[in-house]
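Reviewing the structure listed below.
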Amino acid sequence: MIPPGVVAVEYVMRLRLPERLTRWRRRTNRRRSRSRSLRPDLHFLVSWWRSRGRRERREGLLPFELVKYFAFTSLGLILIASLILSWVLSNNARHVLLTRSEDYSTLFAENLNRQVFLQFVLPTVVRYGRIRLSDRRQFERLDTIVRNITRGMHIDSVTIFDSSENIISYSTIPELVGRRNAGGLEYQKALKGEHSSVLISSGSLFNLLPGTPPVYCTLKTYVPFRQENRLGERTGDIMGVIEVVQDLSGDLLAIIQLQARIILLSLAILGILFVILSVIVIRANRIMAERARERLLLEERLNEAQRLATLGKMIAAVSHEIKNPLGIVRSTAEILGKRISRVAPGNEHLAAIIVEETSRLDAIVREFLDFARPREPRLEPASCNDVVGRLARFMDSEFSGRSITFVPDLDPALPQVPMDSEQIYQVLFNMVFNSIQAMPEGGTLTIRTRRLEEDKGVMLQVSDTGIGMSAEKLEQIFTPFFTDKNRGTGLGLAIARNIVEKHGGRIDVESREGEGSTFTITLPGSGPQVPGQAGAGIAA
């Protein structure tokens with residue numbers, strides 16, 4: 001014996017559905033096959049767009065990176081140039097010092113030659129007949145004359161060599177008198193009538209450091225000692241060689257200190273420039289990073305808008321094609337329910353299931369259409385308190401059945417603001433419905449309304465004591481099609497935000513896991529300035 005339910009099902013399957021439903025199935029199959037063929041191209045376009053965005057971001061930051069590298073390279077080059085400049089200046093100063101000191105020594109030696117010849121050589125020859133410096137009286141007279149001439153002339157020592165042999169006949173340093181072969185190549189040049197100088201120095205920037213040897217610099221000038229006639233003219237006869245020694249250690253130390261000051265000043269200027277440049281680069285980096293983040297955000301929003309626009313067109317087309325067959329299926333199921341009650345009593349629930357599911361699918365399709373083709377708000381002065389009261393009456397039985405305590409905290413002096421009451425009702429319903437789902441064990445649901453003094457707007461707040469949300473989920477709740485429920489489209493909050501933005505307002509949400517969530521809707525008192533351009537923020 002065949003059960004009555006099977007007979008009813010066979011009867012339902014044998015019914016001929018309208019030809020329109022059959023045509024709809026064929027069109028759906030063709031679109032599915034076409035969408036499958038386009039999937040590789042869509043994946044390619046998405047990957048190309050992402051790679052293009054990354055390439056543009058790199059190219060956008062490249063010029064600033066070049067500027068930064070150029071700036072730091074310039075600092076290094078300036079430092080090297082400063083070091084080279086200090087070295088050139090110090091070498092030039094040394095050269096000038098050597099030249100002037102050599103000229104000074106030569107002039108001093110020539111003057112010494114004249115004074116010694118007039119004050120010592122001639123009187124000694126007249127008195128003693130010949131010059132013998134081994135004679136103490138002659139030596140003391142010559143020493144007195146030389147010391148009188150060198151007094152205050154910044155001469156370290158004076159030495160006179162004999163012309164017949166390489167021996168020191170006189171020196172202001174007594175220990176050197178009588179020393180043989182003390183004259184070198186310069187002594188030989190002086191015997192030939194040539195002037196020459198020798199610079200002996202030891203010192204650099206490192207000698208300025210504590211614990212290092214002092215700076216040492218000595219200039220030795222060799223001048224031939226010539227005879228002079230009665231008119232003061234020098235003859236070609238060379239009586240000896242005069243060695244004039246100057247201690248230039250102080251001058252060399254001053255030059256090295258000047259070089260050190262130049263380097264320190266350059267380093268100080270470079271340090272100041274480096275600090276200024278670093279501050280500029282850091283601020284520029286922050287500005288560029290902020291602009292890069294803004295650019296990325298704009299690109300993400302643009303991509304999201306393009307994706308949603310394409311998705312909206314697809315959803316609108318598909319929803320339109322589904323909506324009509326769903327109505328046919330529902331009306332057919334209602335007719336079947338009436339006939340089954342006569343053919344197979346007790347199986348009417350099968351048709352009721354079809355009607356229930358088609359009604360659910362119809363609600364989903366309507367939600368898709370609301371998201372894909374949002375209706376422009378019809379702004380009229382209205383009160384949010386009236387919207388809350390209407391929702392409270394509608395949801396009263398739902399609150400009682402789920403053990404939820406409803407607490408209305410309404411501002412009695414709440415002003416009316418321009419809004420579309422039906423759309424705001426839809427937004428409030430989505431908020432309340434989400435709060436109910438967040439309190440499976442019951443809890444407290446509070447709706448507050450407050451007046452905003454800054455722009456004469458209003459605030460509508462929905463708070464619950466449910467399970468709350470994590471920070472990761474909080475960032476995604478307004479993303480279309482994002483949901484963590486088994487049944488749902490994930491479009492409720494996205495549609496709510498679009499509606500509030502079209503009113504010129506915003507939606508903020510705060511939530512903590514285990515404590516509950518609070519949704520705050522802010523509506524301006526003067527309506528939206530530019531429809532669709534109001535910003536929306538999420539406060540986590």
Side-chain angles (χ1 to χ4, degrees), residues 42-81 266-311 454-455 468-482 490 493-494 496-498 500-502 504-513 517-520 522 524 528-530 532-540:
L42 291 176
H43 288 304
F44 171 76
L45 289 175
V46 170
S47 61
W48 173 82
W49 179 264
R50 290 177 178 174
S51 62
R52 177 174 176 266
R54 289 192 295 268
R55 183 172 64 255
E56 289 180 351
R57 288 192 292 271
R58 289 195 299 268
E59 293 175 354
L61 294 177
L62 183 59
F64 179 73
E65 295 294 330
L66 292 178
V67 170
K68 183 171 66 174
Y69 295 148
F70 174 76
F72 286 108
T73 304
S74 300
L75 282 178
L77 293 177
I78 293 174
L79 176 60
I80 295 174
S266 301
L267 290 177
I269 295 175
L270 285 178
I272 296 174
L273 291 177
F274 180 78
V275 171
I276 295 174
L277 184 60
S278 299
V279 172
I280 295 175
V281 169
I282 291 173
R283 293 187 61 183
N285 267 329
R286 292 177 180 174
I287 295 174
M288 292 296 294
E290 185 65 26
R291 290 183 178 178
R293 284 193 294 268
E294 292 177 357
R295 181 178 177 182
L296 290 177
L297 182 60
L298 290 177
E299 288 181 357
E300 290 176 359
R301 289 181 177 178
L302 177 61
N303 294 336
E304 183 71 11
Q306 292 177 345
R307 185 179 70 86
L308 293 179
T310 304
L311 188 60
E454 55 270 16
D455 59 353
M469 292 178 287
S470 62
E472 293 78 9
K473 182 180 177 181
L474 201 61
E475 296 177 356
Q476 301 290 330
I477 58 173
F478 291 107
T479 303
F481 305 105
F482 172 79
L493 291 178
R497 186 177 67 174
N498 289 338
V500 174
E501 287 180 354
K502 285 184 175 295
R506 71 174 188 270
I507 297 181
D508 298 330
V509 57
E510 297 179 358
S511 182
R512 291 184 180 180
E513 289 187 282
S517 303
T518 299
F519 287 85
T520 303
T522 304
Q529 299 296 327
V530 180
Q533 298 297 324
I538 300 177

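Just so you know, these numbers use all the heavy atoms, side chains as well, and skip hydrogens, waters and symmetry mates.
Side chain of S511 to backbone of M469: a donor-acceptor contact under 3.5 angstrom is found.
Pairs engaging residues 285-294 under the salt bridge (Lys or Arg N to Asp or Glu O under 4.0 Å) rule: E290-R293 [sequence neighbours left out].
I272 is linked by a side-chain contact (heavy atoms from CB on, under 4.5 Å) to I276, counting only residues two or more places apart in sequence or in another chain. Applying the side-chain contact (heavy atoms from CB on, under 4.5 Å) criterion to L297, with sequence neighbours excluded, gives E300, R301.
In this structure, the side chains of V509 and T520 stay at 4.5 Å or more apart for every pair of heavy atoms.
Taking OG1 of T522 as the reference point, atom CD1 of I507 lies at 9.5 Å (rounded to 0.5 Å). Rounded to the nearest 0.5 Å, atoms CG (L493) and CZ (F519) are 5.0 Å apart.
The nearest pair of heavy atoms linking S517 to G468 is OG-CA, 3.7 Å.
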